[in-house]
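Here is the structure we will look at.
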Amino acid sequence: MSTVDYKLANVLLRVDDHAALHPELYYRAAASVATFDEDARALSLAGPVDFFTYLNACSAKKWSQYAGIDIVWLHVKVMGEGEIIVEGVASDGSDRRELSRHVFASQDEFTVVDIEISTAGEDLVGFTVVPAEGGSAQVSRAWWYAKVDAGCINPVRLAIATTTFKKEAYITANIDLVQEAVRAEGAPIMGNFHMFVVDNGQTLDAKALNDDLVTVIPNPNVGGSGGFARGMMAATEVPGAYTHVLVMDDDVRIVAESLIRTFNLLSLAQGRYRSAYINGAMLSLEEPTRQFEDVSYVVNSGVYRRVKPDLNVGLLEDIVENERIDVEVPSAYGAWWFSCIPTADVERNGLPMPFFIRCDDVEFGMRNDPTYMTMNGICVWHESFEGRYRASVDCYQYTRNFLAMIAVDDCASESLFIVRLVRSVRQSLRELDYVSAEFLLDGLDDYLKGPGYLARLDGSALMQANGKRNEKVVPVEEMDPAVLRAAGVTPEVLANTSLDFHYSPFMKYWRSVPYDKHYMPKPFLGHRAGYVVKNGTCSLEGNTTGCETVVYLDPTRKKGAIRHMDRARFRAIRIREHELMRRYRSEGKRVRQAWKDALPRLTSREFWTEYLGL
């Protein structure tokens, strides 16, 4: 069997504009030591430049685990005089140590240095280019590769399915980045790749954007789930045309190299990883070195949690931790900002549920129960979720869709979820958040209507109507300062940006006691005001006990709302809650079975063809 050189990953030499203040994602160097020469398309080095970084180190442990590769090669095209120092972090260590040194000397033209590196026992390997003392150097290209048996390379044909709704600036920029990266890379990805852009807003100029690499598909506004379903349908329309479909949000800044690395990993994966999914990490657009999530999982009580904590991938210790944390956990799923799925699973197990938004990616993961692969440097940048709470989504869509997901996939305890739901309604009422309480009950109500309701629903119209009911938040500067002072919202409270849970053990207990101030006579309440800081549906700090007025602050502490007690609205919500719970107790088993029975149809190509009006 013949051996061929197969690229694992390119070394990124040019820092993306939006990460300009964080070059440590790409390389580390003293100020002004490294500058990218646009004309020469090369990185000029006036001193040592360290490429042992999140985007440029080689994930030795992962390549060994996923592809059985224990020897990698570093290819560097360099000009000048100096040394290339190769280092590694061993599986039982935390610090870098030198593995080898290699001298280069070529003043007038670029020369190629190829370095063989045994990576057995290494979690990460990286390199530093050190020009000769008083000298300089240039690096025009660099990449990691392996020597593999040609017969062991998997045939990969990769489709991207990205869906957009009136976010032209994001999606057209991503189209340009993808096209440029794929054309520059050439074979093997060129000729085995296509990008389907599902335009739910029908605002893109398809004629101008369509070419050999891109197809724009006009689509009705059927939300993310409908857009991704349409993209998956395009990728599987001709059997065998594509082996994988990569679903990706429109409002991301893509690291185009992530596509190259995804293609290469799919090509070399061995054993059970040949059928695995690849999930790219989400890095924060506002904090480009903060990794928010790559893989999450569903807890039996009906919530989802991240496998990893926030990591600062500008730091070596967090880069190493990111590689070492095992993402192969039960009930795992990958969010669809960047998730690569074998088309065989789509053909075998169906398309997404028609949820419009929220839980479609989670449900798909529960239904397929895949193994996930992740790797440093396969990622996108996405706007952070802090301060983006909308009860119409985070309460209504979540409740309705999660209950449906439990019914069809048996992925969590329905009884525990209902307990959490009732508790969430109670807590919302204590915080005078009548909007959230109403949306939570709406979600239960519409779930109990069964799958027929969802199949007939105009999701776009419902989202618009529900969106108008969301609580209106305003900048803190526009809120009544006297109310803020009375509620205890001090400058110190506003300056605290921690997302940690601050309640004392006593307050945690007190919040679990089934009381409600709405039942207390007005003289017992007086005119006290309190405040609460919430990250989504999670309360971070504050005290609203016995308060007729509550100041709500979002986790950024920059926006909020002032709420006042409404006893009539409270009574209406409690009456409705009791009625819905009676319905749930009498109809719940029948409704759950109806959802389970409807799963094959709701995820079928035939259903989606009709639903999309094709």
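As the structure is a prediction and not an experimental result, all values here were calculated from the model.
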Separation between CE (Met373) and CD1 (Ile378), nearest 0.5 Å, reads 8.0 Å
Is there a side-chain contact between Trp73 and Asp5 (heavy atoms, below 4.5 Å)? no
Pair Lys308, Asn322: side-chain N/O donor-acceptor within cut-off below 3.5 Å: yes
Listed by chain and number, what are the side-chain contact (heavy atoms from CB on, under 4.5 Å) partners of Arg101, not counting sequence neighbours? Glu83, Ile85, Glu98
Of all heavy-atom pairs between Ala29 and Pro48, which one has the smallest distance, and what is that distance? CB-O, 3.8 Å
Among Val362, Asp369, Asn279, exactly one meets side chain to side chain contact (heavy atoms under 4.5 Å, CB included) together with Tyr333. Which residue is that? Val362
Roughly how far, to the nearest 0.5 Å, is the OG atom of Ser136 from the CE atom of Met79? 8.5 Å
Those residues at least two apart in sequence (or on a different chain) that pass salt bridge (charged side-chain N to carboxylate O under 4.0 Å, His left out) with Glu87 are Arg96
Under a 3.5 Å distance rule, please check whether Arg157 uses its side chain to pair with a backbone N or O of Ala241 as donor and acceptor. yes
Applied to residues 80-116, the ring-ring contact (aromatic ring centres under 6.0 Å, His included) test, sequence neighbours excluded, yields none
Whether Tyr66 side chain and Thr374 backbone form a donor-acceptor pair below 3.5 Å: yes
Is there side-chain contact between Cys411 and Ile406, with at least one heavy-atom pair below 4.5 Å? yes
Does any non-hydrogen side-chain atom of Thr289 lie less than 4.5 Å from one of Tyr54? no
Run Tyr27 and Val15 through side chain to side chain contact (heavy atoms under 4.5 Å, CB included) and show every step you take. CA-CA 9 Å; Tyr27 51 75; Val15 177; 3.7 Å; yes
Spacing of Asn401 atom CG and Asp360 atom CG [to the nearest 0.5 Å]: 8.0 Å
Go through the steps for Leu259 and Val178 under the test side chain to side chain contact (heavy atoms under 4.5 Å, CB included), then give the verdict. CA-CA 8 Å; Leu259 299 177; Val178 168; 3.6 Å; yes
Report yes if some heavy atom in the side chain of Phe51 is under 4.5 Å from a heavy atom in the side chain of Leu43; otherwise report no. yes
Across all chains, not counting sequence neighbours, the side-chain contact (heavy atoms from CB on, under 4.5 Å) partners of Arg41 are Phe36, Glu38
Side chains of Phe338 and Met282: does their closest heavy-atom pair fall under 4.5 Å? no
Please check if any side-chain donor atom of Asn312 sits under 3.5 Å from a side-chain acceptor atom of Asp318, or the reverse. no
Kindly state each residue pair satisfying side chain to side chain donor-acceptor pair (under 3.5 Å) with at least one member in residues 117-130, sequence neighbours excluded. Asp50-Thr128, Ser91-Asp123, Arg97-Glu122, Asp123-Arg324
Which of these, Thr371, Thr243, Asn154, sits in a side-chain hydrogen bond (donor to acceptor under 3.5 Å, both in side chains) with Arg274? Asn154
Any donor-acceptor N or O pair under 3.5 Å, side chains Thr236, Thr343: no
My understanding is that only residues two or more places apart in sequence, or in another chain, count here; which of them pass side-chain hydrogen bond (donor to acceptor under 3.5 Å, both in side chains) with Ser59? Glu323
Start with the C-alpha gap between His75 and Val112, add the side-chain angles, then the distance that decides, and say whether side chain to side chain contact (heavy atoms under 4.5 Å, CB included) holds. CA-CA 7 Å; His75 175 98; Val112 171; 3.2 Å; yes
Sub-3.5 Å donor-acceptor pair from the side chain of Asp149 to the main-chain atoms of Gly151, do we have one? no
Audit row: Phe364, Asp409, side chain to side chain contact (heavy atoms under 4.5 Å, CB included) steps and yes/no: CA-CA 9 Å; Phe364 195 87; Asp409 297 317; over 6 Å; no
For Arg230, all residues meeting salt bridge (charged side-chain N to carboxylate O under 4.0 Å, His left out), sequence neighbours excluded: none
Once salt bridge (charged side-chain N to carboxylate O under 4.0 Å, His left out) is applied, do any residues pair with Asp114, and if so which ones, sequence neighbours excluded? none
Say whether, by atom type as modelled, one donor and one acceptor occur between the side chain of Trp336 and the main chain of Ser225 under 3.5 angstrom. no
Is the closest side-chain heavy-atom distance between Val76 and Val11 below 4.5 Å? no
Using distance alone, with no hydrogens and no angle criterion, decide if Tyr277 and Asp345 have a side-chain donor and acceptor under 3.5 Å apart. yes
Strictly distance-based, threshold 3.5 Å: is any side-chain N or O of Glu286 a donor or acceptor partner for the main-chain N or O of Ser384? yes
Below 6.0 angstrom between ring centroids: does that apply to Phe263 and Phe193? no
Nearest heavy-atom approach of Val252 to Tyr170 is O-CD2, 3.7 Å
Name all residues meeting the side-chain contact (heavy atoms from CB on, under 4.5 Å) criterion together with Asp250; count only those two or more places apart in sequence or in a different chain, and write none if there are none. Thr162, Thr164, Lys167, Ile171
Surrounding CD of Glu317 (heavy atoms of other residues, nucleotides or ligands, distance under 6.0 Å), is the total greater than 12? yes
Expected output: side-chain Asp37 to main-chain Ala40 donor-acceptor under 3.5 Å: yes
Test item: Val346 and Met233 side chains (from C-beta on) under 4.5 Å apart, heavy atoms: no
Can you tell me how far the OH atom of Tyr372 sits from the OG atom of Ser339, to the nearest 0.5 Å? 5.0 Å
Could you check if a side-chain atom of Arg253 sits within less than 4.5 angstrom of a side-chain atom of Leu283, using non-hydrogen atoms only? no
On a heavy-atom basis, the closest approach of Ile115 and Ser100 is CG2-OG, 4.3 Å
side-chain contact (heavy atoms from CB on, under 4.5 Å) filter on Asp16, not counting sequence neighbours, yields His18, Tyr26, Trp381
Between Arg367 and Asn349 (side chain of the first, backbone of the second, donor and acceptor by atom type, cut-off under 3.5 Å), is there such a pair? yes
Between Asn10 (side chain) and Leu12 (backbone), is there a donor-acceptor pair under 3.5 Å? no
Residues at least two apart in sequence or cross-chain that pass salt bridge (charged side-chain N to carboxylate O under 4.0 Å, His left out) with Asp212, listed by chain then number, are Arg183
Is there a donor-acceptor pair under 3.5 Å between the side chain of Arg305 and the backbone N or O of Val299? no
To the nearest 0.5 angstrom, please state how far the OG atom of Ser267 sits from the CG atom of Leu158. 9.0 Å
Sequence-distant partners of Ser413, side-chain hydrogen bond (donor to acceptor under 3.5 Å, both in side chains), two or more places apart: Ser415
Please confirm whether the backbone N or O of Gln291 pairs with a side-chain atom of Glu293, one donor and one acceptor, at under 3.5 Å? no
Reported CG-to-CZ distance for the pair Asp310 and Arg290, which is rounded to 0.5 angstrom: 4.0 Å
